[in-house]
Amino acid sequence: MHSFGYRANALLTFSLTILAFMCAISSLSDSLNSPSPSAQVQVLNINWFKKQPKGNDEISVTLNISADLQSLFTWNTKQVFVFLAAEYDTPKNSLNQISLWDGIIPSKEHAKFLIHTSNKYRFIDQGTNLRGKEFNLTLHWHVMPKTGKMLADKIVMPGYQLPREYRR
Ligand SMILES: *[C@@H]1O[C@H](CO)[C@@H](O)[C@H](O)[C@H]1NC(C)=O
Ligand SMILES: *[C@@H]1O[C@H](CO)[C@@H](O)[C@H](O)[C@H]1NC(C)=O
C-alpha cells in the first residue's frame, strides 16, 4: 500500500516536471521567434464628416487594410487579436485612441488579409478637434499563446490627415 502510493506520487511528480519543461520550452521557442509582420492602410473615402448635435465631431471613413501577420504564428499560438486604432493628440489629451476595426485571427492561414471596410466602431472625438487633424493609424495585436505569456505589439503608420471641412 505504502509503496503504491509512493510510486503514484512519483509518477505524478514526474509528469508535472515534464509538463513544466514542455511549457518552458514552448514559451522559450516563442520568445526566440522574431516576427516580421507588415501592414498598410489606405483611407479610401471620407463617407461623411459632421459635428453631432451635442457638439462632438464624428467621421465615417472607408478603409483598405492589408496586413501580413503570418510570422506571428508559431505552433504555440492559439490566436491573435488585432485592432486598428486612430491615434492623435489634442490640447486635452496627449493620446486619443479610437478603435476603428478589430478582428480575431484563428490561424496562420488567415493571417494574411485584405479588408475593405468602413469603420466598424464609431470615430467620435470628445470635442471638435477632428477638422484638419493629423493622425496615425496603428495596428495593435495581442498574441494569445497556448502556454506562456501573452505578447502585444503594434505597427504605427503615421502621416494621415482628416479633411479641413465637414462633409455631408
Ligand atoms: C488596397 O490595398 C491593397 C494593398 O496595399 C492594394 O493592392 C489594393 O489595390 C487596394 N485597394 C484599393 C481599392 O485601393
Ligand atoms: C504618431 O506617430 C509618430 C511617428 O511614429 C509619433 O512620433 C507620434 O507620437 C504619434 N502620434 C500619436 C498621437 O501617437
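Just so you know, ligand 1 is whichever comes first in the structure, and atom 1 is the first atom listed for that ligand. For reference, positions follow the sequence shown, starting with 1.
Formation of a donor-acceptor pair under 3.5 Å by the Lys51 side chain with backbone atoms of Tyr166 is not found in this model. Looking only at distances, no side-chain donor or acceptor of Thr138 sits under 3.5 Å from a matching main-chain atom of His140. One N or O on the side chain of Asn56 and one on the backbone of Gly127 form a donor-acceptor pair closer than 3.5 Å. With Gln52 contributing its side chain and Asp57 its backbone, the two residues share no donor-acceptor pair below 3.5 Å. The closest donor-acceptor contact from the side chain of Asp102 to the backbone of Val82 lies at 3.5 Å or more, if one exists at all. Under the 3.5 Å distance criterion, the side-chain polar atoms of Lys133 are matched with a main-chain donor or acceptor of Asp89.
Of all protein heavy atoms, the one closest to atom 5 (O) of ligand 2 is Val156 CG1, 4.0 Å. When hydrogens are left out, the protein atom nearest atom 13 (C) of ligand 1 is Leu44 CD1, 3.9 Å; that is the closest non-hydrogen contact. Shortest contact from atom 4 (C) of ligand 2 to any protein heavy atom: Pro158 CB, 4.2 Å.
Here the rule is side-chain hydrogen bond (donor to acceptor under 3.5 Å, both in side chains) with Thr62, and of Asn47, Asn119, Asn45 only Asn47 fits it.
Each of the following atoms of ligand 1 lies closer than 4.0 Å to a heavy atom of Gln42: 1 (C), 2 (O), 10 (C), 14 (O). For ligand 1, the atoms closer than 4.0 angstrom to any heavy atom of Leu114 are 1 (C), 2 (O), 3 (C). Against a heavy-atom cut-off of under 4.0 Å, Ser66 is close to the following atoms of ligand 1: 4 (C), 5 (O).
Atom 2 (O) of ligand 2 is approached by the protein to below 4.0 angstrom, counting heavy atoms only. Within the 4.0 angstrom cut-off, atom 9 (O) of ligand 1 has no protein heavy-atom neighbours.
Polar contact with ligand 1: absent for His116 (N/O pair, distance under 3.5 Å).
With a 4.0 Å heavy-atom cut-off, ligand 2 is reached by the backbone of Tyr88 but not by any atom from C-beta on.
If you check each of Asp89, Asn136, Asn96 against atom 14 (O) of ligand 2, the one with the closest non-hydrogen atom is Asn136. In this comparison of Thr62, Asn64, Ile65, the heavy atom closest to atom 12 (C) of ligand 1 sits on Asn64.
Electrostatic pairing of Glu58 and Lys50 does not count as a salt bridge here, judged by no charged N lying under 4.0 Å from a carboxylate O.
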